[in-house]
Amino acid sequence: MLDSILQKNYETPIYKLGFLEENNLYIKRDDLYPFSFGGNKARKGLLFWKDLKSKNANYIVTYGSSSSNHCRVVSNIASSERIPCIIISPIENNHETYNKKMMEKLGSKILFCEVSKVKETIEMTINQLKEKGYTPYFIPGGGHGNIGTQAYVNCYEEIKKYEIQKNIFFDYIFFASGTGTTQAGLVCGKLLNNDYKKIIGISIARKTSYGKQIIISSILEYLDNARKFNIENELILDDGYILDGYGKSNEKINHVIFSVIKDFGIPLDETYTGKAFWGMKEYIKKNRITNKNILFIHTGGTPLFFDYLKKGI
Ligand SMILES: *Cc1c(COP(=O)(O)O)cnc(C)c1O
């Protein structure tokens with residue numbers, strides 16, 4: 001079944017939402033990627049699964065918190081392919097979320113440990129599985145690494161294809177940047193195409209300097225000849241909207257989430273897409289951007305929209 005999604009080379013829709021400060025605002029609905037509520041973790045996850053299959057692995061090990069979209073998607077890949085799955089999760093960040101409920105219902109085993117013991121717990125788990133005769137496959141948290149980067153090079157190619165088909169060219173791309181893999185892939189896509197777009201990651205938690213360091217190393221890992229490009233200049237990761245950090249929200253984000261579902265019928269969340277949509281609006285105002293074509297990539301996280309609703313705000 002997953003094969004057929006990959007073979008079909010599914011492309012997520014792009015369409016115009018309206019105007020934003022005299023700019024044309026478009027959206028790419030990666031939240032509609034056709035597996036397990038979609039989003040960037042589904043796009044990455046399916047490529048990891050392809051790699052897993054080529055290596056004949058028969059056990060998945062991954063890492064993430066209880067609210068992780070990545071862990072929900074990986075659990076769903078495991079359940080649909082009948083591969084057992086262990087999720088290593090930091091005990092400090094354990095909340096009852098819809099994603100956690102799904103991981104459990106889909107049959108993943110969640111192994112909690114202190115955040116400081118994650119690395120050794122992963123190694124221990126993998127070694128134990130090998131001793132039992134399994135071929136474990138480890139997927140880094142958030143779908144980080146070259147395979148995750150590849151997923152967003154592919155996404156960039158879809159954007160290019162749309163531009164040529166519709167004769168509409170984007171000046172800016174905005175999205176929520178977390179581990180930075182999505183951004184690394186988009187920037188690699190841009191470099192490979194010799195393109196001019198401004199790719200602006202709205203950081204949802206990391207400070208710019210640290211976040212950029214990680215993204216640069218992802219780009220260097222992916223592109224052999226990356227050093228010939230001036231990557232530093234290509235990278236805009238704005239930490240002006242992180243508030244008090246991961247998952248922390250404010251009234252303005254609430255307002256954005258409500259108005260986007262009301263006006264466009266699109267669910268956003270406080271941790272990623274709502275924060276990024278708000279950040280994008282502020283960034284455009286602050287930098288007095290006008291008369292441009294702007295693309296917002298909806299990176300998914302639909303279950304988090306329901307966590308948000310349940311909180312009763
Ligand atoms: C993980 C995630 C992101 C961040 O993606 P990275 O590749 O880690 O930067 C953005 N939006 C949603 C909904 C996510 O789940």
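Whatever order the structure lists ligands and atoms in, that order sets their numbers, starting from 1.
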- Query: Where the side chain of R82 meets the backbone of S79, is there a donor-acceptor pair that is under 3.5 Å apart?
  - Reply: yes
- Any non-hydrogen atom of K44 lying under 4.0 Å from ligand 1? yes
- Message: Do I215 and I231 sit in one hydrophobic cluster, given that two such residues count as connected whenever their side-chain heavy atoms are within less than 4.5 Å of each other, even indirectly?
- Response: yes
- Task: Show the numbers, then the answer: is there a salt bridge (Lys or Arg N to Asp or Glu O under 4.0 Å) between K212 and E232?
- Result: CA-CA 8 Å; K212 273 179 90 161; E232 187 70 31; 3.4 Å; yes
- Query: Which is it for Q183 and ligand 1 at heavy atoms under 4.0 Å: side chain, backbone, both or neither?
  - Reply: neither
- Task: Enumerate the atoms of ligand 1 whose separation from the nearest heavy atom of T182 is less than 4.0 angstrom.
- Result: 5 (O), 6 (P), 7 (O)
- Task: Within a distance under 4.0 Å of any heavy atom of A176, pick out the atoms of ligand 1 and give their elements.
- Result: 4 (C), 10 (C)
- Query: Which atoms of ligand 1 have any heavy atom of T181 under 4.0 Å away?
  - Reply: 7 (O), 9 (O)
- Query: Using a heavy-atom cut-off of under 4.0 Å, does the side chain or the backbone of N40 touch ligand 1, or both, or neither?
  - Reply: side chain
- K16, NZ atom: more than 12 neighbouring heavy atoms under 6.0 Å: yes
- Mark up the atoms of ligand 1 that fall under 4.0 Å of a heavy atom belonging to G301, in ascending order. 13 (C)
- Message: So for ligand 1, is G178 a polar contact partner (N or O within less than 3.5 Å, distance only)?
- Response: yes
- Check: T299 side chain, N40 main-chain N or O, donor-acceptor pair, under 3.5 Å: no
- Message: Minimum distance, heavy atoms only, to atom 12 (C) of ligand 1: which one of F37, F175, Y272, Y152 is it?
- Response: Y272
- Query: For atom 8 (O) of ligand 1, which candidate among T299, N69, T179, I202 provides the closest heavy atom?
  - Reply: T179
- Message: Can a donor-acceptor pair be found, under 3.5 Å and without considering hydrogens, that links the side chain of S108 to the backbone of E104?
- Response: no
- Using distance alone, decide if ligand 1 has a nitrogen or oxygen within less than 3.5 Å of any nitrogen or oxygen in G180. yes
- Message: So is G300 touching ligand 1 or not, going by heavy atoms under 4.0 Å?
- Response: yes
- Should the pair Y308 and F305 be assigned to parallel (<30°), tilted (30 to 60°) or perpendicular (>60°) ring geometry? tilted
- Message: Tell me the protein heavy atom at minimum distance from atom 14 (C) of ligand 1, and give that distance in Å.
- Response: K41 NZ, 2.8 Å
- Message: Heavy-atom contact check, 4.0 Å cutoff: does S177 meet ligand 1?
- Response: yes
- Using a 4.0 Å heavy-atom cut-off, say whether H70 meets ligand 1 through its side chain, its backbone, both or neither. neither
- For E270, the option from K311, K275, K252 that meets salt bridge (charged side-chain N to carboxylate O under 4.0 Å, His left out): K311
- Message: What I'd like to find out is whether the side chain of C188 reaches to under 4.5 Å of the side chain of Y152, using heavy atoms alone.
- Response: no
With a 3.5 Å cut-off and sequence neighbours excluded, list the donor-acceptor pairs that the side chains of residues 162-169 form with protein atoms.
| from | atom 1 | to | atom 2 | distance (Å) |
| --- | --- | --- | --- | --- |
| E163 | OE1 | K197 | NZ | 2.9 |
| E163 | OE2 | F170 | N | 2.7 |
| E163 | OE2 | K197 | NZ | 2.6 |

